[in-house]
Structure formats: structure tokens, C-alpha cells
2 protein chains.
Amino acid sequence: MRISKEKAAENRDRILKAASRLMRERGISGVGVDALTEAAGMTHGSLYSQFGSKERLVEEAVADAIAAKGRELREDATVDDYVSEYLSAEHRDDPGSGCPFAALCCEMRQQSKGARERFTAGVKGMVGWLSSRMDKETKLKRRDDQALATLSSLVGALVLARAVNDPKLSDDILRAARNGLGG
Amino acid sequence: MRISKEKAAENRDRILKAASRLMRERGISGVGVDALTEAAGMTHGSLYSQFGSKERLVEEAVADAIAAKGRELREDATVDDYVSEYLSAEHRDDPGSGCPFAALCCEMRQQSKGARERFTAGVKGMVGWLSSRMDKETKLKRRDDQALATLSSLVGALVLARAVNDPKLSDDILRAARNGLGG
DNA sequence: TGCATAAAATGACGATCGTAATTATAATTG
DNA sequence: CAATTATAATTACGATCGTCATTTTATGCA
């Protein structure tokens, strides 16, 4: 079969958006092409027409998730604003539309070179965004280090808060990390 | 077939040890029963005789990895000692025998209740160990919070350092986190 | 010591995975 | 406007996944 060019582009985008969400929710190796295409209302083979392989889709989905999340960043937001949102219960409980770094970090090691490069570029972008909002009195190199340490704390706290079974402990992790970051 | 009781117990342990390592290296959903039993020198079905299901094996492997790692903790070690080892290049480059929290955290959410409970218990144990080594002048509650924040930073830095493709950035992440933790 | 029983690894099974050949229909061109 | 071409989704395929029935043999008891 063949459908109109616009419809095909729309279908492609639906698969991409579904992948972006489902991979964050269930993990990259935890979601099959079946689930990905079904979520977009198509049969599993259509993925191959649009992306060539699951590996390629992963690369695009990683880039798409990071780019979409980057567009949500407010230019006038402070680091404290970001920390508060990041370490909130809402963010913890909605990984599908949450931080791609926290959702995908553990699986990146076994992904394709292209996917890892896009992930790495995203981390660098995030570090730059944070660094530019650090106290301007400290020197540049030190600001970058602070940004890296902050991002590590954010990601670590979020993944641990999501991993543990005990709601109280989960809340404690988020709160302790907020305090540690001076939020 | 059936083999001697001792031999069976030894086989069971080999599967468990292989699972403990492979799941940390490739992820839980990234390793099949094939690879797990083959690494122990048996056919894939033997897993079922010993553990009943992959889910059960996951539970035992998570507990085993955490317990084994806990036994490595030196009673006379300081928090700084631990931070230095944890955020080393050696630890980053050998996930198979490294921290189970960092290796498995992102996948715990979609695991069985039993597996998550063992993971959670492990986190609590680690927090207790860290907390007991925090500055005794600060009050207990605050020490626990410091321990939680420290663990978050450690895990976050390690998973990010492993995820990124750029060796320099990876080293920078570890160093920045060490500095941030005052190590 | 011989028979019954329990148990552990093997091998066979259905389900699901990712891929490629097939089919059907827009888009292109004479 | 008709014939060709290009392409997107369907469908069929081999490989691999996790599970269970079978087989073989160690163990317990008479």
C-alpha cells in the first residue's frame, strides 16, 4: 500500500512520538517494534519503511526527546526553579514525558554510536544551560563543574526515587537532594 | 537427567553469579535466559529447574549482587574513601562487578515487587552505612539526608559518566562530582 | 540390593522479536 | 489522462525469547 505524502509524514511522527514516550516509560530494550507501531495505530512492519531499523528509530527518538525537553526550558528560569521542578513528585511519577537523561542513561552504554552521540550532545547542552545560570562571580571552569555536579545529583536522585518501592523513602530522596542543592 | 545434590547447588550458584554480572553489564531486559545459562555452561531450560522463572532469578540476582557488594565495604573506611573508589575510572569501566544500584536503578520500576523490595532494602542499608560515617556533630535526621544526597550524587555521576560517549566529558563528570562531595 | 520417588537438565513448544519480500497506491512524467 | 515509477504499509519469515513436558539419574526406603 501507499498513502499520501503528508499522511506518511504524520504517521512517521506518530511513531517517533510514541517511541519517545514508550522508551522512557519501559526502557529501550523493554519495548518492541510491535508496541511502538501499535501505539501509532499501525502494524509493526511500518517501522521498517520509515526508519529502516529499530536502531535508527532509537537514535531519532533519543534526539527528539532531548530536543523537545530542551524547548521546554524557560530562558528566564533559575537553577533553583529547575531543581524544584526536576525533583518534584510529578516529574518522578511521569517518566514518559520526563527527563530523557534520567530515563535512558543506564541503557545508553549498549546503544549505537549515533544514539550515544546524540545523548552526549544533549548532556553538553544541558550542562551549558545550567552553567550559564551559575553564580557569575565564580570562574568559568568552576561553573561548568558545578553544573556537572548539579546534573549528576538531579539524575541520581530521580532514578533512585523512581527505583525504590517505599513511597516515604522515595520522597525523602527527592527532598534530601533538593536540600543538598540549596533549593 | 539428574545430577548430584552438590553439583546442582554449584550449578545454581553459577547461574546466579552469571546473572548478577550479566544483568549489570547488559541490563535485565537486555540479557535472555539463553545467555544466562550458557554463561554457566548449561542449556537455557535449566534456569527453570533452579529458579522457576526469570522473574525469580532477577529477584535473587538483585539481592545477591547487593549483598556481595555490601560485604566489600570496609568497616574502617570513611565516606571520602568510598567516594574516591566509587567515582573512579575503574568502577566506571567495570559495571559487571560494580554498584548494583547504578547498574539496575533505571530498570527497577518495571520489575517484580520482590525485586524492588530487595533493591529498596539495599538502598536503605547503604544509606545507613553512609549516615553512620557522617560528621557526628550534625543531628541524626540531617545525617540521613546527607547520606541520601551523597548516594544520589554518586549514582547519578556514575550512570552519566557511563552513558556519554566523550571520554573527556566522562572524566569531567566523575571529577566534578568528587569535588562536589568534597573528596 | 532392588524398587519407588524426587529432582535437575534436556529438548520441544508457543509467543514475540526484528527484518525483508510483497502489495497496493500516491506521485511523476510523457 | 494513461503508463510508469517510487514509496509506504501489509504480510510472511527466520531468529530468539521465556516456559513447560519429557527424560534421565541421584536419592530414599524396604
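Since the structure is predicted, the reported quantities are computational estimates derived from the model, not experimental observations. Naming: A, B, ... by sequence-line order, numbering from 1 per chain.
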Taking C:dA9, D:dG18, D:dA9 as options, the one with an atom nearest any side-chain atom of B:I3 is C:dA9
ask   = Would you say A:T43 reaches D:dT10's phosphate, i.e. side-chain N/O to OP1/OP2 under 4.0 Å?
value = yes
Problem set entry | Phosphate-side-chain proximity, A:S4 and C:dA26, N/O vs OP1/OP2 below 4.0 Å | no
Open item on the list: Need one value for B:G32: base, sugar-phosphate or nothing, where a base atom within 4.0 Å counts as base even if backbone is also close, heavy atoms only.
Closed with: sugar-phosphate
Picking from C:dA9, D:dT19, D:dA9, the nucleotide nearest the side-chain atoms of A:S46 would be D:dA9
Taken to the nearest whole Å, CE/A:M23 to C1'/C:dG18 is 12 Å
Practice item. State whether the distance check finds a donor on one side and an acceptor on the other, under 3.5 Å, for side chain B:H44 versus base D:dT16. Key: no
Atom CG of A:D13 and atom C1' of D:dA9 are separated, to the nearest Å, by 17 Å
Separation of D:dA9 atom P from A:L36 atom CG, nearest Å, is 15 Å
- Decide yes or no, distance alone: a donor-acceptor N/O pair under 3.5 angstrom between the base of C:dA9 and the side-chain of B:S49. yes
Would you say that more than 12 heavy atoms from the other residues, nucleotides or ligands in this model lie under 6.0 Å from the CZ of B:R109, or not? yes
Any ion pair linking B:K124 and A:D166 (charged N to carboxylate O, less than 4.0 Å)? yes
- Query: For B:R142, does the CZ atom sit with more than 12 other heavy atoms under 6.0 Å from it, leaving out its own atoms?
  - Reply: no
Can A:R175 and B:D145 be said to form a salt bridge (charged side-chain N to carboxylate O under 4.0 Å, His left out), step by step? CA-CA 8 Å; A:R175 186 178 38 72; B:D145 271 20; 2.8 Å; yes
Between CD of B:E55 and P of D:dT19 the distance, given in whole Å, is 8 Å
B:L47 atom CG is separated from C:dT10 atom P, nearest whole Å, by 12 Å
To the nearest angstrom, the CD-P distance between A:Q50 and C:dG18 comes to 17 Å
Atom CG of A:D34 and atom C1' of D:dA15 are separated, to the nearest Å, by 15 Å
Q: Return no unless some side-chain N or O of A:K5 is found under 4.0 Å from OP1 or OP2 of C:dA26.
A: no
Rounded to whole Å, the CD-P distance (B:E38 to D:dT16) equals 11 Å
#### Entry: B:E60/B:R56 ion pair, N-O < 4.0 Å
no
